[in-house]
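No hydrogens, no waters, no symmetry mates; every other heavy atom, side chains included, goes into these values. Fair warning: this is a prediction, and the values are worked out from it, not measured in the lab. First the proteins, then the strands, lettered A, B, ... as listed; each starts at 1.
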2 protein chains.
Amino acid sequence: MPTPKDVYIAVIGAGGVGKCFLSQLEFLSKRLAANSSSPRLSLVLISRSKKILYSPQYAPLPFDNISTKLADSTQQPLPLTKTIEFLAAAPSKVILVDNTSSQDIADQYPNVLSRGISIVTPNKKAFSGSYQLWQDIFAAAASSGAGVYHESSVGAGLPVISTLKDLVDTGDSVTRIEGVFSGTMSFLFNSFAPTEGSGGKWSAEVAKAKELGYTEPDPRDDLNGLDVARKLTILARLVGLQVESPTSFPVQSLIPKELESVASGDEFLQRLPEFDAQMEETKISAEKEGKVVRFVGSIDVEKNVVKVGLEKFDRSHAIASLKGSDNIISFYTKRYGANPLIVQGAGAGGEVTAMGVTGDLLRVLQRIS
Amino acid sequence: MPTPKDVYIAVIGAGGVGKCFLSQLEFLSKRLAANSSSPRLSLVLISRSKKILYSPQYAPLPFDNISTKLADSTQQPLPLTKTIEFLAAAPSKVILVDNTSSQDIADQYPNVLSRGISIVTPNKKAFSGSYQLWQDIFAAAASSGAGVYHESSVGAGLPVISTLKDLVDTGDSVTRIEGVFSGTMSFLFNSFAPTEGSGGKWSAEVAKAKELGYTEPDPRDDLNGLDVARKLTILARLVGLQVESPTSFPVQSLIPKELESVASGDEFLQRLPEFDAQMEETKISAEKEGKVVRFVGSIDVEKNVVKVGLEKFDRSHAIASLKGSDNIISFYTKRYGANPLIVQGAGAGGEVTAMGVTGDLLRVLQRIS
C-alpha cells in the first residue's frame with residue numbers, strides 16, 4: 001500500500017469562483033483524508049488583491065471562515081515573485097490554483113512551472129494571450145514535469161478541453177469545432193430570437209440580461225466578442241493551429257460603432273435602443289429563411305479559419321434550440337463522422353467553473369502523488 | 001527533467017475494438033517516444049481466443065502486421081492465471097488492456113489489480129455483474145494503488161464516466177441521469193418514430209438495422225434491454241447506489257413473449273411482423289400527445305429508482321431529436337440546475353470505443369509513470 005504524500009495548495013483569488021472553489025477544496029480534502037493511501041492536501045497560502053494569509057512554515061490553514069480570515073488578515077502582502085519563491089521552497093509538491101483573470105499572474109506561469117509547481121486555473125489570459133506565452137508555458141511544464149490544467153478556461157466545468165485533448169492525443173482528426181461559447185450571448189439570443197415566438201427588442205434583452213447578472217458590469221465587455229475569441233484561440237491552439245492572438249482572426253462585435261467610446265455601460269444601455277433596427281433586420285432576414293440567428297464561434301481546422309460572429313441556424317439545429325444561458329460545443333472529427341460529439345450545459349457560474357478547477361486538481365494529484 | 005520509464009502493455013482481444021485499439025496504441029507509442037521525458041510503451045503480450053504472442057523476456061513486440069502475426073502464431077496459449085503471473089513478474093509497471101466482453105476475464109480483475117497491474121477496458125461485465133465483484137475490484141485497486149479505468153463501458157468514447165466521476169468527486173449532488181444508451185435502440189427509434197414524417201413498420205426497421213450491421217447477429221440481444229441495463233448499473237453504482245445486478249430493477253424487453261424462445265435470430269425476424277400492431281399502437285398513442293417514443297434508461301438518485309424501457313418525449317426534447325445511432329446522456333445535478341449537463345454523439349463503433357480505451361490508457365500512464 002502506497003504511503004500518503006503531502007501536497008501543498010496555494011490559492012490566488014477569492015472572488016465568485018474562488019469562494020466556490022474553497023468550499024469544494026474543503027470537501028475534497030476531507031474526502032481524501034478518509035482514505036489512508038490518498039495524498040493529504042494542505043492549504044498553505046491564500047491571497048487576493050492586497051490581502052494574504054499564509055504560514056511561513058507551511059502549516060496548513062484551517063478552512064473554517066477562511067474568506068473572512070483572509071479579509072481580516074493583517075499579514076503584509078507578498079509581491080508575486082516572492083509568493084512564487086515561497087512556494088518553490090516548500091518541502092512538498094505544490095499546486096498553484098489561480099482563480100483570477102489576471103494577465104500579470106498568467107505571465108508568471110512559465111516561471112512557476114519551471115520551478116516544479118503545478119498550475120490549475122480558469123484564467124483564460126494565460127492560454128489566449130500571445131502565442132509565445134502559450135509555447136513558454138507548455139515548454140516549462142514539459143521540462144519540469146509539472147502539470148498545467150485549465151478545463152474551466154472554456155465552457156466552465158463542461159468537459160471541453162479534456163475531450164478535445166483526448167481526441168487529439170489518441171490520433172483522431174478534428175476537422176471542425178463549432179458552438180456557443182458565451183453564457184451571456186446564449187441567454188441574449190435565446191431570448192431575442194427564440195425558436196418559438198418572436199422575442200423582445202435587442203436593447204431590452206441586453207438590459208434584462210444585465211439586470212439578471214448575466215453580463216459584465218459594462219455589457220460591452222460581452223458584446224465585443226473578445227471573451228468568445230479567447231476561448232476559440234485556446235481550442236484552436238489545442239488542435240494544432242498557430243493562432244497568434246484572439247485579435248488575429250475575424251471577430252464580429254455587437255457594439256454599434258457609435259457607442260464604442262461612450263463613457264459608461266449605463267450610457268451605452270441608454271442609447272442602445274437607437275440601434276435596435278439593425279439587429280431586428282438581422283433577425284427578420286433569418287426568419288425569412290426559416291432560421292434563427294445565434295452568436296457562435298467556429299474553427300475550420302483544415303482551412304485554418306477561426307471566426308466569431310452571427311450565423312443563421314435551422315430551428316431544429318442543436319445550436320438553435322439551446323436553453324437559458326447554456327453553452328454547446330460540437331466536435332466534428334474523422335472518427336465521429338457526420339454527427340459530432342456534443343457537450344452542452346451551463347458554461348458560466350461560480351460553482352460549475354470551480355468544479356472544472358477542482359476536477360483539474362484531482363488530475364494533477366493523480367500525476368504528482 | 002524526469003527520466004522516461006518503461007511501461008508494459010498487454011492486450012487481450014483483437015476483434016473490432018481490439019484492432020482499432022492496436023492502431024491507436026501504435027500512434028500513441030510513437031507520439032510518446034518523440035518526447036524524451038514521456039514513458040516508453042512496450043507491447044509485451046497480445047492474445048485472443050486460442051492465440052497468443054509474447055516474449056518470455058518481455059521484449060517489445062513490433063506493431064507491424066501484429067494482427068496477422070497473432071493469427072499465425074504457433075506459441076502455446078497461456079491459461080488466464082498464467083498470463084497474470086507472467087505480467088505480475090515483469091520488471092516494470094504493467095497495464096492490462098482487456099478488449100473482450102468476457103466474464104471470465106472480468107472475474108480475474110481483483111486478482112490482476114491486487115498484483116499491481118492496472119486495467120483499462122471497455123468490458124461492461126466487470127462493472128455491471130455482481131455488486132460483490134464491483135466492490136472487490138475497487139478494493140483491490142485502492143489497496144495496491146493500481147488504476148482501473150472503463151470509460152468505454154458506457155457510451156464508448158464519449159466522456160460519460162469521467163464526467164460523472166468529476167461531478168461526484170468534486171461534491172456535486174447528481175439528482176438524475178437520463179438518456180439513450182444504445183446505438184441500436186437509437187437508430188431503431190429515430191427511424192421508427194422520427195420527429196418529422198411517420199417512419200416505417202417496426203419489424204422492417206429492425207430488419208434494416210440488422211442488415212446495416214447496427215444489431216447483434218441475433219437482434220434479440222439488443223431488444224432485450226440488457227445492454228442498456230448493464231450501462232445503467234455502472235452509472236448508478238458510480239453515483240453511490242448499491243445496485244445488485246442489471247436484472248435487479250425494471251427492464252422492459254422489446255421481444256414479444258411468443259418469440260423469446262424461437263430458435264434463431266432469423267426465425268425471430270421472420271415472425272416479428274406478426275407483432276407490429278403492438279409497437280404501432282405505442283407510436284400512435286405518443287403521437288396523439290404530440291410526442292415520440294424512445295427507449296431510454298434513467299436513474300432517479302434520490303428515490304433510488306433505476307429503470308429501462310419505452311418513454312414518450314416532446315418532439316423538441318433533446319432525446320427526441322437525436323440522429324442516426326447517437327447516444328445522449330443527461331446529468332441533472334444541483335450545480336447545473338434546471339438544464340442538465342449533456343454529452344451526445346456516437347456511442348458504438350470500433351474506433352470511438354477504442355478511443356475511450358486509449359484515453360484511459362493515457363490517464364493510467366499519468367498516474368503510474
Most contact-rich option vs chain B, by heavy-atom pairs under 4.5 angstrom, among A:Ala156, A:Gly345, A:Gly171, is A:Gly171

Minimal heavy-atom distance between B:Pro159 and A:Thr163, with the atoms involved, is CG-OG1, 3.4 Å

Yes or no on side-chain contact (heavy atoms from CB on, under 4.5 Å) for B:Asp169 and A:Met355, after CA distance, side-chain angles and deciding distance? CA-CA 9 Å; B:Asp169 289 345; A:Met355 169 186 144; over 6 Å; no

Review point. Heavy atoms, side chains only, cut-off 4.5 Å: are B:Tyr336 and A:Leu158 in contact?
Key: yes

Taking every heavy atom of B:Thr170 against every heavy atom of A:Gly359, the minimum-distance pair comes out as CG2-N, 3.7 Å

Chain B shares the most heavy-atom pairs under 4.5 Å, among A:Asn327, A:Thr195, A:Leu341, with A:Leu341

If one checks every heavy atom of A:Val168 against chain B at 4.5 Å, the contacting part turns out to be both

The reported gap from CD in B:Glu196 to OG in A:Ser316 (rounded to nearest 0.5 angstrom) is 6.5 Å

Whatever's closer than 4.5 Å to a heavy atom in chain B on A:Leu362 counts as side chain

Residue from A:Lys165, A:Gln366, A:Glu351 scoring the most non-hydrogen pairs under 4.5 Å with chain B is A:Gln366

Under 4.5 Å to a heavy atom of chain B? For A:Arg363 that would be side chain

Looking only at A:Asp166, A:Leu365, A:Asp172, A:Thr333, the option with the highest number of non-hydrogen pairs under 4.5 Å against chain B is A:Asp166

Whatever's closer than 4.5 Å to a heavy atom in chain B on A:Arg367 counts as both

